[in-house]
Amino acid sequence: MQLDNRAQTLLKALVERYIADGQPVGSRALSKISGLDLSPATIRNIMADLEEMGYVASPHTSAGRIPTPRGYRLFVDTLLTVQQIDENAVEAGMRLPAHQPQKVLANAAQMLSSLSQFAGVVQSPRRESAFQQIEFLRLSEKRILLVIVDPRGDVQNRLLLTDVDYTPAQLIQSANYLNQHFAGQSFDQVRGRLTGELRQLRDDMGRLMQAAVEAGSEALAETDDMVIAGERNLLSVADLSSNMSSLRQMFEMFEQKTGLMQLLDVSSKAGGVQIFIGGESKLVPMDEMSVVTAPYEVNGKIVGTLGVIGPTRMAYERVIPIVDITAKLLSNALSHS
């Protein structure tokens, strides 16, 4: 059911007032702030219709109303007036050091937190699961250290527990085989090619190489991570920290990161600024929480996502442009670093 202009104006006024002071909004207040020349009775009737349609709700403790997740969604999708943010001021505050990508990510997360007063999150650029070089180091009987160097020169180590006590010569031979035939390829590609080629190799050597491919694939996959800044800001947000259950959910999200990473992955595929509202999006673990995200690029290719984590009762008109501008600045900084 479409809302007429009067209902949209009243809903917009209600959401803005509720975001500002956190108190249920009554008909009398709406008649003053909406700018509409309507009687209190007419306003009450419209609010009753909005409640029936699921856009607002009445807390038991008050005659006023508050927005529901559906009301927030309509507000951010169609009623919101986004503020203009000074891009130069944001860029000056980010302190983007050249040729130091990890510091750039950390500064971007800190800037998101500082400007929004909530938590800022930046997903690290996804790595391709390729290797440039592999080495096997014998630590002791049946314990081997797998050393993986990726195309960017980053090093990952993995411990392999084997059924066979390999000699140093066997380890060198296996590493040489993988490096000569597969350097620069992804572990998935190697896995497919090895299946056919291993028939020509000794069983023991084949098992070692297969173990290396599996461990290497896992090692590079785990390097996908994120930088989070300003989690403590959320402790001062009553909507998120009002009870132990909410606090537990919030800190589980930050500790485990899996759900948050999934949300960031989803938003990177959609493109542009995305708003995930708790109680509506199953990707947000708490009804009182919203996440505003945007993807960022390196040389024209989307490699990650950043965003602000805060309460559903956040000033979306400010947070949306903050996230949008930060994503553009981060893209520029990483593309030229």
Side-chain angles (χ1 to χ4, degrees), residues 11-25 29 54-62 64-77 79-83 85 109-122 226 228-257 259-260 262-264 266-267 273-294 305-324 326:
L11 179 60
K12 184 173 187 288
L14 182 144
V15 175
E16 290 174 344
R17 171 56 67 90
Y18 183 69
I19 286 173
D21 61 24
Q23 299 299 316
V25 185
Y55 293 113
V56 299
S58 300
H60 297 300
T61 56
S62 170
R65 291 178 172 86
I66 63 174
T68 64
R70 188 180 185 194
Y72 277 121
R73 172 53 59 191
L74 181 66
F75 173 74
V76 298
D77 285 349
L79 306 176
L80 183 66
T81 304
V82 174
Q83 285 186 3
I85 301 291
Q110 188 59 52
M111 179 54 60
L112 287 166
S113 172
S114 176
L115 291 175
S116 68
Q117 292 299 298
F118 299 129
V121 58
V122 180
M226 64 183 72
I228 303 174
E231 305 101 302
R232 286 181 175 273
N233 290 341
L234 301 183
L235 290 174
S236 61
V237 178
D239 298 6
L240 296 175
S241 60
S242 55
N243 58 64
M244 285 304 297
S245 175
S246 295
L247 278 175
R248 193 176 299 113
Q249 280 182 294
M250 187 165 66
F251 280 100
E252 280 178 0
M253 180 188 72
F254 288 126
E255 286 175 11
Q256 296 178 2
K257 295 186 179 180
L260 192 52
Q262 182 186 4
L263 185 151
L264 295 176
V266 168
S267 64
V273 175
Q274 302 291 313
I275 303 167
F276 300 87
I277 298 172
E280 176 206 57
S281 171
K282 293 181 180 178
L283 292 172
V284 181
M286 297 170 59
D287 288 352
E288 303 84 4
M289 177 179 286
S290 285
V291 184
V292 180
T293 67
T305 310
L306 55 74
V308 165
I309 303 165
T312 52
R313 193 173 65 82
M314 71 164 71
Y316 295 97
E317 73 278 2
R318 284 191 64 254
V319 173
I320 289 171
I322 287 170
V323 170
D324 188 35
T326 305

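In this text the structure is predicted, and so the values were computed from the model without any measurement.
The shortest side-chain heavy-atom distance between R70 and E280 does not fall under the 4.5 Å cut-off. You'll find the side chain of D287 stays beyond 4.5 Å of the side chain of P69, heavy atoms only. Counting heavy atoms from C-beta on, the side chains of E317 and T81 never come closer than 4.5 Å. Side chains of L247 and L235 form a contact here, defined as non-hydrogen atoms less than 4.5 Å apart. V292 has its side chain out of reach of Q274: every pair of non-hydrogen atoms, C-beta onward, lies at least 4.5 Å apart. Here the side chains of S290 and M314 are in contact, with some heavy-atom distance below 4.5 Å. Under the 4.5 Å side-chain criterion, counting only non-hydrogen atoms from C-beta, Y72 is not in contact with Y55. With contacts defined as side-chain heavy-atom distances shorter than 4.5 Å, the pair I309/V121 qualifies.
Between the side chain of Q249 and the main chain of P285, a donor-acceptor pair closer than 3.5 Å is present. The backbone N or O of F276 lies less than 3.5 Å from no partner atom in the side chain of S281, so there is not a single donor-acceptor pair. With T326 contributing its side chain and V323 its backbone, the two residues share no donor-acceptor pair below 3.5 Å. Not one N or O on the side chain of T305 forms a donor-acceptor pair closer than 3.5 Å with the backbone of A294. Judged by distance alone, the side chain of R318 and the main-chain N or O of L115 form a donor-acceptor pair under 3.5 Å. Checked by atom type and distance alone, the side chain of S241 pairs as donor or acceptor with a backbone atom of V237 at under 3.5 Å.
With sequence neighbours excluded, no residue satisfies salt bridge (Lys or Arg N to Asp or Glu O under 4.0 Å) with E288. Applying the side chain to side chain donor-acceptor pair (under 3.5 Å) test to D21 and every residue at least two apart in sequence or in another chain returns nothing. Residues forming a side chain to side chain donor-acceptor pair (under 3.5 Å) with T312 (at least two apart in sequence, or on another chain): none.
Going from atom CD of Q117 over to atom CG of L234 covers 11.0 Å, rounded to the nearest 0.5 Å. Residue M289 holds its CE atom at 11.0 Å from CG of D239, rounded to the nearest 0.5 Å. Atom CZ of F75 sits about 10.0 Å away from atom CG of L14, to the nearest 0.5 Å. Note that NZ of K12 is 13.0 Å distant from CZ of R17, once rounded to the nearest 0.5 Å. Taking CD1 from I277 and CG from L283, the interatomic distance works out to 13.0 Å, rounded to the nearest 0.5 Å.
The number of heavy-atom neighbours closer than 6.0 Å to CZ of R313, taken from other residues, nucleotides and ligands shown, is above 12.
Ion pairing of R248 with E252 is absent here, as no side-chain N (NZ or NE/NH1/NH2) approaches a carboxylate O to less than 4.0 Å.
For the residue pair V308 and S116, the shortest heavy atom distance occurs at CG1-OG, 3.6 Å.
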